[in-house]
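Below is one structure, written out as structure tokens; comments come after it.
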Amino acid sequence: MAFADEIVKDGRGLAIRLDVSLDNWTTVNYRYGTHGGKLDGTNYYDARVAKIGTLNRGLGQGGIAAAATLDVVLDNTDELADWLMDRATADALKARFRLYLVVYDTAVPDLSANSATKQLGEFVAMDFPRRDEANIKLTLADDVLGFLGEQFVTPSLRDWAADAGSTTANCPMKETAGNTFVFQYSLDENTQAPLAFGSNPIPAIPIGGPPEAFSDAAALTRGLLVCCTTDSAAPGANTISQLWIESEAPLTTTGLYRQVFRHIWAVPKTNSAGSTIWSAKKSQALTVDGKTFYVLYVEVGIQLLYDFFNFGVSTGGTAGEEVAPPYAIWHDFFNTLNFAVLGDSYSERNGSHHAAMVIRDLVTHYAKDGSLDRLNQAAFLTVKNQYYAPVSGVIWPSRDNASMRDHISAICASSGLDIFGDMGGSISCTVAGLHDYASQTATLLAISEERIADVEEWIPSQGERGAPYNRIKYTNAKDSPFYPAAISTGPFDDPGGTVTTWRRILVREMDESWSDLALTSKNPWASRDHVEAKIRPRLRFTTTLEALQLELGDYFQLSWTRNLGASDPYSNAIFQLEGMSIDLTEMRVELEALWRDDLRSDKPYLLDDENFLVRVSAAGGRTCNVADSSSAVAFSSGSLIADGVAAGDILVLKDSTLAADNYTRFRALRILSRDSASQLTVTDGDLDFDAPSGVNVSDWTIYRGHTTYHTAASDPTNYPDGGGMYGRCANTSTGTYSDATTPHRLLLG
Amino acid sequence: MAHAYLFTNRAAGLAATAFTWSNGATANRSYLNDGRMDQQMAVGSVASGVNVIIDLGGAYSITAVAILNSNIGNAASPTLKVEHDDDGVWGAGTVEAKAASSLNVTAPSHKDHVLQFASVAKRYWRLTWTWSGSFNMSIGELYLGASTSLARIKVYGHGESEEYRTTRLVTSTGETRGHFLAGPIRVKRLPFSDLTLAQRDELLAMFRNTKGGANPVLWIESAESVATAAAAAQQECVWGRLAEDEFSWTESDFGLYSPNELVLRSLGRELGA
């Protein structure tokens, strides 16, 4: 029995079951239900759930959903639920709860064969339970996002130095001879290494060195802290691609005075002699809080750096000749500089700085209890593939005083993502107005008007989720190290003119704390995905449990005609689900959804690259001849058969001998039939080619038409599997239109 | 005819090993005396019949054996016989307390059956079921105890109801959708009138023993104490709780008392029941 099939049937039996585990689901320690019996088809459940409240789930305004809560009253008249109150075992803290709705055929109440189950969430006790003479009262909180309340823990500089032991190769804070732990300036030794994502330049901070052992060879290198990562791979060529320095004073090069813009200079990795000035390095493995980290840093040769600028100031020679200065000068020079780096991966683990992938990295690779199992991976990949949202930013665990939840919320706010705990107990991801293959092609759940009650409609007000806007202002826009500070915060007005036509200015503040600088520097109306000046009504209504087939972010169709007629106001219109309240006592669901009926008519993407559709084009003097009133087109040479031309293809003519506004031979003609190797017939009803006796056209192309698109994987010019029409969205890294590889397809086919 | 009730199950608290099934069934034996009807022990598919031997751990006076929330009503021609023994060596010393009785298969009395006999204190008891063909019997609770009879029976106005627990959503257009939660739940209304002081105190004793609605009571509709086979009427019983936590009475005539109507609500059964 499938849940979707059963829940729509009238008169089905319902039960709630609550599985309880004290060891994170290695064991199910308690099985409680609203009914006794084998609610999971195998195990007997204790009819102990006396009351159960309403489960409220919804997408959050800040991008990360508030944890759903649920009140449960357990019967404790037999004292068998007292374990929840045991102060010695603290089982209430350990306990995790999974809530299920069981639907079954009342005619055959054998649940092993005639039931279907829907998980409604995974929870922990939000607070300690309360007990009275007969009951235990629990308030459960969504456990899916609960662990995000913790802070990230990464290795500190002290962890790094202490772990280095006598090995100095991967720790610039160690002297060769001894193990003196020396911090010259900039950072406290307890500073935890930051996490960094994206493509923005990020600060590289000197992490101290041996200020006195000037004669020590190791003293000729200094370290710059970049970030840490859980990726053990050695730094690649572009892990850190550029090292920038900024100086208070103008820098010079040999024999020349050169003042760099804002005194910024990109230092090459090697000097003209091939010696390495700086290189990206990783520390040894550092295990902190159960995770293995590697600190990514830049090792700079301070003498070579000094030499690179060749100050022309000598201690004993003439100007233009370098004489090795004392070590102290090299150090002092180094100490006057500010550093930043540009890289391509930093702490990333998925090779992408799309917001969804950065969140995925944080949850799976950097959160203490994180793992890939906690994620609805398909949802994250769908958002990544179909929604352009690069982010960039740095997390300083010991400085930010912020939880994972705060950071992820900021990423969501900057990128427009919605993170929520799905009913299956996973962290899931969606986007308002997501266009993916399923949304464009799937048969959506249709909720009939006969199954709804208590309808309320409104247009979201300012500050409310989904509120319309026609002006955007950036907030929290950041300057990156050395990046020009002149980032405009707007306002940017809708180029569609709604500022005028609406006669009102509705401002949307767009958080930029995690935005990629490449985006922040642009007009959001042109550069951002899903930016629109459009009024989208919001609907709230009550319906039956069949709505449990929907997950937050899902699309569905709804008619609400108020019995006035099929056209008023909504007839089978598409809405996107943004909130649901599941009343587990009355067994009804209240849905809140935003109007999205333009989902399939207002496509935001270029869907095709017509170069994939070219059958053949003019080459080698091959011409085609068209004549007025004749639908036959003759070709001077070549074989249309060999070219694969078929009925349904499109012949596009161009003739530069005509004026640009003359369309008699600047036109596309649908091919009715391929008559021979050198002739075809077109279907156009207008056969006026401005050529009573025929004319040879030397610039032409034959494209596949919509009926002759690639249908076989074996077709060498085909898109990958499936056939039909494929669209691509922007490359999620570069923002440019890209190829037909899987990650870039809009319609996955 | 007289009513009787029990509030102490001698089988309660026994270890699972106290129940020995003739077919060797052991799974979920603890459900036989867990104080609940909703969890059932399934004996397994057996041809013709099966028996269970119960070791009470000591000799206790027993006048009634109830088989509660069983599916025996679905079997073909089911019967039940009760025997007891002093030493558990079934043979010469074995006595038939209740002859094989054809069990009532008519709803709503087809799930709960009680067999009553003259009081006897024994340690070992054997219940033997027979049926035609093969059948997988499941039982929610086994109840063995000494019943207390009431001198007066209920008066006219008594009755019974069956209740279903459902949810229903009425939509804007008048469409209704319903879901089944539980039922039917048996509810007996038991009015008594013009009781003597002693008769009133019998009822009050029952009320006190059951702590109002706190402890369940096994209500026997028609008490008897014979070894011959029980008729359907004498098998009728309901294991439930009194709905009211208060027992009050008024003196309706000199020396005659009329208590409030007692409402007995059956305990819950397994999902789908």
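In what follows, chains are A, B, ... by sequence order, proteins preceding strands, each numbered from 1.
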Contact part of [X] toward chain B, heavy-atom cut-off under 4.5 Å: side chain, backbone, both or neither?
| X | value |
| --- | --- |
| A/Lys9 | backbone |
| A/Glu133 | neither |
| A/Phe541 | neither |
| A/Leu14 | both |
| A/Asp78 | neither |
| A/Thr77 | neither |

message = Can you give me the closest heavy-atom contact between B/Asp38 and A/Tyr44, atom names plus distance?
response = O-CE2, 4.2 Å
remark   = Nearest heavy-atom approach of A/Thr585 to B/Thr167 is O-CG2, 3.7 Å
key: Check: A/Val8 main-chain N/O paired with B/Arg177 side-chain donor or acceptor under 3.5 Å   = yes
inquiry  = Tell me if a side-chain donor or acceptor on A/Arg588 pairs with a main-chain N or O of B/Arg168 at a distance below 3.5 Å.
reply    = yes
ask   = Is the shortest heavy-atom distance from the side chain of A/Thr34 to the side chain of B/Leu181 under 4.5 Å?
value = no
Enclosure of [X] [atom1] (heavy-atom neighbours >12, cutoff 6.0 Å):
| X | atom1 | result |
| --- | --- | --- |
| A/Arg31 | CZ | yes |
| A/Lys137 | NZ | no |
| A/Glu79 | CD | no |

Using a cut-off of under 4.5 Å on heavy-atom pairs, state which of [options] scores highest against chain B.
| options | value |
| --- | --- |
| A/Ala47, A/Ala15, A/Gly37 | A/Ala47 |
| A/Gly13, A/Gly33, A/Ala134 | A/Gly13 |
| A/Arg12, A/Arg451, A/Met587 | A/Arg451 |

task = Anything in residues 20-37 of chain B with a heavy-atom distance to chain A below 4.5 Å? Please list those residues in order.
result = B/Asn28, B/Tyr31, B/Arg36
Neighbours of chain A found in residues 4-18 of chain B - heavy atoms under 4.5 Å = none
ask   = Once you round to the nearest 0.5 Å, how far does CD of B/Glu175 lie from OG1 of A/Thr544?
value = 9.0 Å
message = Nearest 0.5 angstrom please: B/Tyr164 OH to A/Thr106 OG1, how far?
response = 9.0 Å
